[in-house]
Amino acid sequence: MATQSSHFEFAPGFEDGRLRIVWYAFVAVLVAGGAYATYLRLTRGMASTNLTSVVPWGAWVAFYIYFVGLSAGAFLVSTLANVFDVGAMHRIDRDALFAAIVSMAVALLFVWIDLGRMERMYYPFVWRQLTSALSWEVHAYVAYIGILVAELYFSMRIDLARLATRLDGTRATLYRLLALGRVDTSDASAAFDERWLKRVGIVGIPLAIFMVHGGTGVLFAVSKARPYWNSGLFPVIFIVSALLSGTALVMMIYVLRTRLFDGDAVDRDLLDQLAQLLLGFILVDAALTAIEALIAFTSFHPHAVETWLVVLFGEMSWSFWWFIVGASWVFPLVLLSKRSWRRTPSVMVLAGLSTVVGVVAVRFNIVIPAQITPVLEGLPHGSYFPTPVEWGTSIGIIGVGFLLYTVGAELLPLTPLSGGDHE
Amino acid sequence: MSTTDDGDALPGIPNVGKADLDAMVEEERPDPRDELADVEADTDLGIAMAEDAQRVARGELTGDEYWEKYDEAAADEFGAAYRETPNPAVDAGDQTVSTETAESLSCTVGSMDAVSTEAAQVEGDGSEGGIGAGDEKWGMVIDLQKCVGCDSCTVACKSENRTPPGVSYNVVMEEEHGEFPNVTRTNVPRPCMQCDNPPCVQVCPVSATYKMDDGVVNIDYDRCIGCRYCNIACPYGARYFDFGGDYDDEVDGAGEVTSPEYGVDRGPREDGESPIGNIRKCSFCTHRLERGEEPACVETCIGDARNMGDLDDPDSDVAKMADSSRAFQLKEDEGTDPNVYYLK
């Protein structure tokens with residue numbers, strides 16, 4: 001710790017100035033395009049989507065559950081450090097937490113734009129319905145965001161305090177504010193933070209598993225009108241694919257931020273640990289999905305069987321075989337299979353990216369197919385592909401997420417100043 | 001029957017004189033004395049009242065004079081029924097009774113609309129609980145043997161409830177089975193099932209949809225946030241999202257005419273106003289039930305396949321039909337217990 005005072009320089013953010021410009025220009029294009037699409041959505045209403053009364057939930061809902069999953073997964077990875085004390089993971093817990101917060105913000109933006117009456121977004125807090133999974137979810141999200149912010153605060157507070165005392169000017173003021181004025185850097189204060197970090201994390205784990213992401217699965221699973229969702233395994237699959245995407249995201253961010261922001265060498269043991277975790281989650285996810293399909297087929301329930309046939313061989317089969325099987329299972333599994341590849345940062349970024357993109361298709365394949373087969377024979381079949389407005393707003397909202405993350409990563413001490421071993 | 005040709009008749013259109021038509025009506029008119037002979041009330045009084053009523057219509061007598069003339073006799077003849085039944089319309093012109101006269105005669109008055117509602121309630125006050133009494137559990141029984149698949153219920157519903165494009169509270173699901181020439185066809189009309197255990201109510205995060213005491217599942221458009229979860233949860237596909245379209249391209253001012261949904265008239269459709277952006281569904285024509293009328297689809301059904309009534313009243317036709325061995329509900333194993341029954 002004392003070593004830092006001699007050469008105290010705190011400049012997180014892009015090492016390469018040109019890369020910073022390129023990145024921000026890219027994000028600006030995404031956000032500007034999204035802003036225009038959002039303008040169209042606001043003025044033309046829901047008619048700007050390809051949603052119908054037959055397929056009332058589409059891309060926005062798929063992205064919403066995707067980002068809730070990403071968040072829950074990233075948070076659970078952070079608890080490996082904060083609750084379960086896996087040594088090397090301390091290096092990445094703040095990154096995981098911050099990515100989890102940004103993911104939740106993005107997820108809520110997706111829910112918001114999906115509402116038929118956006119100005120009434122606070123109504124679930126005004127009128128409650130105890131039997132509604134969605135009502136519980138909305139409350140759980142708020143509590144969960146509280147947990148995430150508290151976790152990040154306790155995890156980062158001591159570094160904020162160090163920076164507040166050692167830097168001058170607006171930055172020092174900012175860090176003092178973020179530390180909520182607690183600028184004590186003594187061991188006792190560090191121990192206090194660590195104690196509370198663990199306590200909040202312990203509360204957060206069941207909240208993230210059962211309420212936030214398991215609950216999002218319950219949202220679908222309780223709908224007995226759609227037998228494809230109506231299974232007890234469904235919420236569990238939700239959690240596993242959340243862990244899958246969350247781990248992949250954290251692994252990717254770890255490598256990219258270490259390389260591009262910190263200019264450090266990547267810790268290959270840590271990378272290998274994350275990669276093995278990812279490998280395990282992929283296998284469990286694939287196994288559970290296969291079990292789920294088997295149960296559906298052996299039930300001979302016409303709706304469930306037809307929906308699975310749509311998934312496997314119907315109009316959306318390309319997304320199942322190429323994205324779910326290909327991008328989120330087979331391709332990363334190949335990359336993760338060799339120990340030397342697992343220790344190669346660039347290969348692991350590729351594996352992470354492939355998984356993160358592949359899981360988007362998992363979410364689309366959850367939301368859409370169950371609405372293709374009509375609930376009663378004789379009613380119209382559904383068909384859905386997002387409009388440019390839906391794609392545009394979605395990309396814009398993701399751009400907002402990129403922006404929030406990058407600004408945070410440029411300002412906050414996401415890499416522990418002490419090197420991440422919690423002394 | 002003779003035909004007169006005054007020279008400017010259009011080709012192909014029969015030109016029948018007005019006098020001929022009147023004569024035809026007169027010929028068909030039943031003899032008043034014969035008609036009234038079957039009625040318990042005094043025949044002479046009836047004929048006198050009828051003749052004077054025609055004078056009122058011709059303007060030879062005012063409504064006030066008429067009722068003053070017959071008040072005593074009518075009260076003697078009809079007793080409480082006469083006193084308690086409101087006299088329609090004070091403000092509809094000469095042919096009706098003025099407020100002052102009505103008060104002096106101690107009979108109540110009201111607009112036609114109010115009278116029909118009150119009359120329904122008077123009727124409902126009895127032990128049998130008729131339409132409009134407010135203690136019913138509304139139910140519908142659809143006889144599939146009588147349904148001819150004409151879709152007139154769908155059309156009647158659209159025109160009664162002025163539903164926008166893409167919103168059809170009532171559809172007819174058509175299924176064809178078998179191979180030619182051994183083909184059968186089943187038409188299953190599907191309104192909202194008005195379930196006793198409605199999944200849509202269960203899942204709404206803001207309690208915008210709820211079950212009323214009369215069994216009708218209602219939506220509060222001012223509360224609905226448009227999340228469409230109820231749409232997902234409904235096993236009957238009976239909920240529709242209002243995307244804000246209208247028929248203005250087909251009919252000028254289509255959005256100007258509205259229908260009171262769940263008894264609330266929201267005026268012309270306007271951008272950004274509910275129910276645009278909300279979920280909509282069949283209300284069993286609550287506004288009609290409240291007036292003592294049957295839902296539009298029931299009234300219009302050409303095969304008399306649809307029946308509306310009080311399921312809580314064991315003597316009602318629908319309760320008996322719903323109890324018959326022919327009766328079934330859609331997706332019974334979902335546990336939704338719909339208040340729409342079918343007869344196979």
Side-chain angles (χ1 to χ4, degrees), chain A residues 42-58 60-61 64 111-112 114-139 219-220 222-227 229-230 303 367 370-371 374-380 382, chain B residues 165-168 171-176 186-190 199-210 220-245 271-281 330-331 333-336:
Chain A
L42 292 176
T43 50
R44 293 182 193 168
M46 293 295 278
S48 63
T49 66
N50 265 346
L51 297 171
T52 57
S53 290
V54 178
V55 184
W57 281 355
W60 288 330
V61 170
Y64 138 65
V111 189
W112 189 32
D114 184 60
L115 288 186
R117 301 206 66 89
M118 293 170 71
E119 77 280 9
R120 298 180 185 168
M121 59 176 174
Y122 62 92
Y123 277 20
F125 302 101
V126 182
W127 290 287
R128 287 183 177 79
Q129 167 68 285
L130 289 181
T131 55
S132 171
L134 188 51
S135 178
W136 284 91
E137 276 312 282
V138 177
H139 290 78
L219 206 74
F220 291 85
V222 292
S223 182
K224 63 188 169 195
R226 321 266 168 179
W229 296 335
N230 190 212
H303 197 282
V367 174
Q371 303 172 67
V375 287
L376 285 172
E377 196 183 339
L379 289 178
Chain B
V167 178
S168 284
V171 295
V172 181
M173 305 180 297
E174 291 169 359
E175 288 174 36
E176 234 170 51
T186 317
N187 307 296
V188 185
R190 194 240 45 212
C200 53
V201 169
Q202 189 186 1
V203 300
C204 177
V206 292
S207 306
T209 185
Y210 57 94
D220 183 344
Y221 290 145
D222 294 321
R223 194 180 285 188
C224 169
I225 57 174
C227 70
R228 310 184 292 289
Y229 196 9
C230 54
N231 203 334
I232 291 290
C234 176
Y236 305 101
R239 291 191 158 230
Y240 294 84
F241 188 75
D242 191 333
F243 286 90
D271 277 354
E273 296 290 321
S274 286
I276 294 169
N278 294 137
I279 282 287
R280 303 180 59 167
K281 65 178 275 295
L330 288 184
K331 292 196 171 180
D333 52 353
E334 295 268 355
T336 47

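Computation of the quantities below employed the complete heavy-atom set of this structure, encompassing side-chain atoms and omitting hydrogens, waters and symmetry-equivalent molecules. Note that this is a predicted model, so its numbers are computed, not measured. Chain letters run A, B, ... following the sequence lines, proteins first and then strands; every chain starts at 1.
Both the backbone and the side chain of B:C227 come within less than 4.5 Å of a heavy atom of chain A. At a 4.5 Å heavy-atom cutoff, the contact between B:V201 and chain A is made by backbone and side-chain atoms alike. In this structure, chain A has a heavy atom under 4.5 Å from the backbone of B:R239, while its side chain stays farther away. Of the two parts of B:L330, only the side chain, counted from C-beta on, holds a non-hydrogen atom closer than 4.5 Å to a non-hydrogen atom of chain A. Looking at A:S223, only its side chain comes within 4.5 Å of chain B, counting heavy atoms on both sides. At a 4.5 Å heavy-atom cutoff, A:S48 makes no contact with chain B through either its backbone or its side chain. Proximity to chain B is absent for every atom of A:L130, based on heavy atoms less than 4.5 angstrom apart. Heavy-atom distances place no part of A:E137 under 4.5 Å from chain B, backbone and side chain included. Contact annotation for A:W229: only side-chain heavy atoms (C-beta onward) come within less than 4.5 Å of a heavy atom of chain B. Contacts of B:E175 with chain A are made by side-chain atoms alone, with heavy-atom separations under 4.5 Å and no backbone atom involved. Residue contact with chain A, scored on non-hydrogen atoms closer than 4.5 Å, is absent for B:T186. Contacts between A:V54 and chain B at a heavy-atom distance below 4.5 Å are absent for every atom of the residue.
In terms of heavy-atom pairs under 4.5 angstrom with chain B, the leader among A:A370, A:G116, A:G378 is A:G116. Among A:R226, A:M46, A:R120, the residue making the largest number of heavy-atom pairs under 4.5 Å with chain B is A:R120. Highest contact tally toward chain A, considering only B:G166, B:S207, B:A208, is held by B:S207 [criterion: heavy-atom pairs under 4.5 Å]. Of the listed residues (A:L51, A:V126, A:T49, A:V222), the greatest number of heavy-atom pairs within a distance under 4.5 Å of chain B belongs to A:L51.
In this structure, A:R117 contributes its side chain and B:G272 its backbone to a donor-acceptor pair below 3.5 Å. Proximity of a side-chain donor or acceptor of A:D114 to a complementary backbone N or O of A:W60 within less than 3.5 Å is not detected. No donor-acceptor pair under 3.5 Å is formed between the side chain of A:K224 and the backbone N or O of B:G335.
The distance from the CD1 atom of B:I276 to the CZ atom of B:F241 is 10.0 Å, given to the nearest 0.5 Å. Distance CH2/A:W57 to CG/B:N231: 9.0 Å, rounded to 0.5 Å.
Of all the heavy atoms in B:V167 and B:R280, the pair that sits closest is CG1-CB, 4.3 Å. B:R223 and A:Y123 get closest at one heavy-atom pair: O-CD2, 3.2 Å.
Between B:P235 and B:P199 there is a side-chain heavy-atom pair separated by less than 4.5 Å.
Considering only residues two or more places apart in sequence or on other chains, B:Y210 meets the ring-ring contact (aromatic ring centres under 6.0 Å, His included) condition with none of them.
Other residues, nucleotides and ligands contribute more than 12 heavy atoms inside 6.0 Å of the CG atom of B:D222.
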